[in-house]
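Below, chains carry the letters A, B, ... as their sequence lines are ordered, and counting in each starts from 1.
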There are 2 protein chains.
Amino acid sequence: MHADGPDETQEREEPLRGIGAVAAQTGVSERTLRYYEEIGLLTPRDHSPGGMRRYCSEDIARVRRIRELQTLMGFNLEEIRRVIAAESRLSSLRADFRASSDSEHQREVLDEALQALDELRDAARSKIAALQGFLADLDERFARHRRRLEELQAVHDAEAKNEQET
Amino acid sequence: MHADGPDETQEREEPLRGIGAVAAQTGVSERTLRYYEEIGLLTPRDHSPGGMRRYCSEDIARVRRIRELQTLMGFNLEEIRRVIAAESRLSSLRADFRASSDSEHQREVLDEALQALDELRDAARSKIAALQGFLADLDERFARHRRRLEELQAVHDAEAKNEQET
DNA sequence: CCTCTGGTTTACGTCAACGTAAGACTATCG
DNA sequence: CGATAGTCTTACGTTGACGTAAACCAGAGG
């Protein structure tokens with residue numbers, strides 16, 4: 001355990017970004033980031049002595065995750081908060097793993113989070129299934145109407161040819 | 001073309017429903033139906049002499065379509081309005097088909113609507129693709145964490161067995 | 001005709017998810 | 001050290017998609 005640096009924990013002095021940089025990288029507005037913090041969805045890793053938000057790359061990943069859950073799953077921020085909560089309990093368990101004295105509680109938390117993850121998988125699967133049905137219907141109708149267009153086109157061409165020949 | 005009934009057009013005197021029945025059948029509120037009408041998304045087939053809305057089954061299908069586009073594609077009502085517009089142009093063309101004198105214009109309209117339909121297909125496909133990626137990631141993470149849980153369970157069982165043996 | 005039940009218009013309310021603006025403070029660079 | 005760009009908090013505004021309430025009308029049944 002010889003000192004390798006001033007840090008006790010293994011944070012490899014990750015570059016922390018200001019709110020503007022994060023907004024630019026994720027495509028959301030600064031207001032949105034502050035709003036996420038306001039409702040307890042995303043708290044920046046830490047703050048500068050002057051009080052400015054400093055985000056780490058994990059925070060950025062979380063912003064992307066939030067947008068993903070919004071656009072793909074159509075969740076509102078409250079539902080997303082629950083998903084995120086389960087997911088971060090999973091990765092926080094990852095941190096302890098060996099350190100925890102109470103493996104009973106460990107297993108219970110893990111099991112709960114797993115269940116939440118599984119429900120999310122179910123939701124995703126049924127959404128995919130529904131969309132595939134939706135698409136199949138679209139495909140059929142598209143093909144049908146395209147044939148109609150081709151018929152009209154054929155009639156038109158035939159008429160044009162007729163006119164040419166006279 | 002002997003008269004079979006009082007109607008000239010072939011409307012087989014479809015049963016028209018009031019707004020309450022439609023709301024019940026589709027699961028949306030009466031307010032929502034009136035709102036859809038207000039923004040030009042769904043106009044009931046006709047009205048009773050007293051001014052009450054009378055919906056036909058096609059109207060009901062449209063309500064379902066609207067909800068589908070909302071929940072599956074995540075469209076807002078303005079986007080949905082465009083999709084519906086293209087789709088109903090297609091079925092109105094179906095009605096004329098032979099009756100129209102201007103086949104030039106016919107083809108143009110059909111082509112445009114087909115293009116809109118194709119864009120919708122593209123959107124659906126890319127949404128499905130994105131969701132499949134999303135799900136694959138979920139599956140992987142789920143499996144990983146389930147293995148972790150099983151490990152913990154194994155350790156726990158072993159400890160229990162040890163205790164039993166002492 | 002009267003009474004329900006269902007429907008109509010008009011209009012204000014609500015909620016999520018931000019947008020926008022003001023005024024003060026912080027960080028960085030020359 | 002001053003200028004400039006970035007960020008802070010506070011607070012009110014906006015937009016879509018309806019909810020809700022009031023007061024008045026319509027249609028069917030006894």
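Side-chain N or O atoms of B:R141 include none that pairs as donor or acceptor with a backbone N or O of B:D139 at under 3.5 Å.
Whole-Å rounding puts the A:R53 CZ to D:dT9 C1' distance at 9 Å. Computed from coordinates, the A:D46 CG to D:dC8 C1' distance equals 16 Å when rounded to whole Å.
Shown here for B:G74 and B:E79, the closest heavy-atom pair between the two residues is O-OE1, 4.4 Å. Nearest heavy atoms, A:T43 versus A:E37: CA-CG, 4.5 Å. The shortest heavy-atom contact between B:A23 and B:S29 is CB-C, 4.2 Å.
Using a 3.5 Å distance cut-off with no hydrogens or angles, the side chains of A:S88 and A:S91 do not pair a donor with an acceptor.
Atoms OG and CZ, from B:S57 and B:R45 in turn, are 8.0 Å apart once rounded to the nearest 0.5 Å. Atom-to-atom distance recorded for A:E151:CD and B:L110:CG is 10.5 Å, nearest 0.5 angstrom. Atom-to-atom distance recorded for A:H145:NE2 and A:E150:CD is 13.5 Å, nearest 0.5 angstrom.
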Letter by letter from the 5' end, nucleotides 10-26 of chain D scores (B base, S sugar-phosphate only, - none; protein heavy atoms under 4.0 Å) -B-----BBBB-----S
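Using a 4.0 Å cut-off between charged side-chain N and carboxylate O, A:R62 and A:D59 make no salt bridge. Salt-bridge formation is detected for the pair B:R34/B:E30: a Lys NZ or Arg NE/NH1/NH2 atom is positioned less than 4.0 Å from an Asp or Glu carboxylate oxygen.
Place B:I19 and A:R54 on DNA chain C by their nearest nucleotides, and B:I19 ends up nearer the 5' end.
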Dot-bracket, DNA chain C: Watson-Crick or G-U, under 3.5 angstrom, [ ] crossing, | other strand? ||||||||||||||||||||||||||||||
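Of all nucleotides in DNA chain C, those with any atom nearer than 4.0 Å to a heavy atom of chain A start and finish, going 5' to 3', at C:dA17 to C:dA27.
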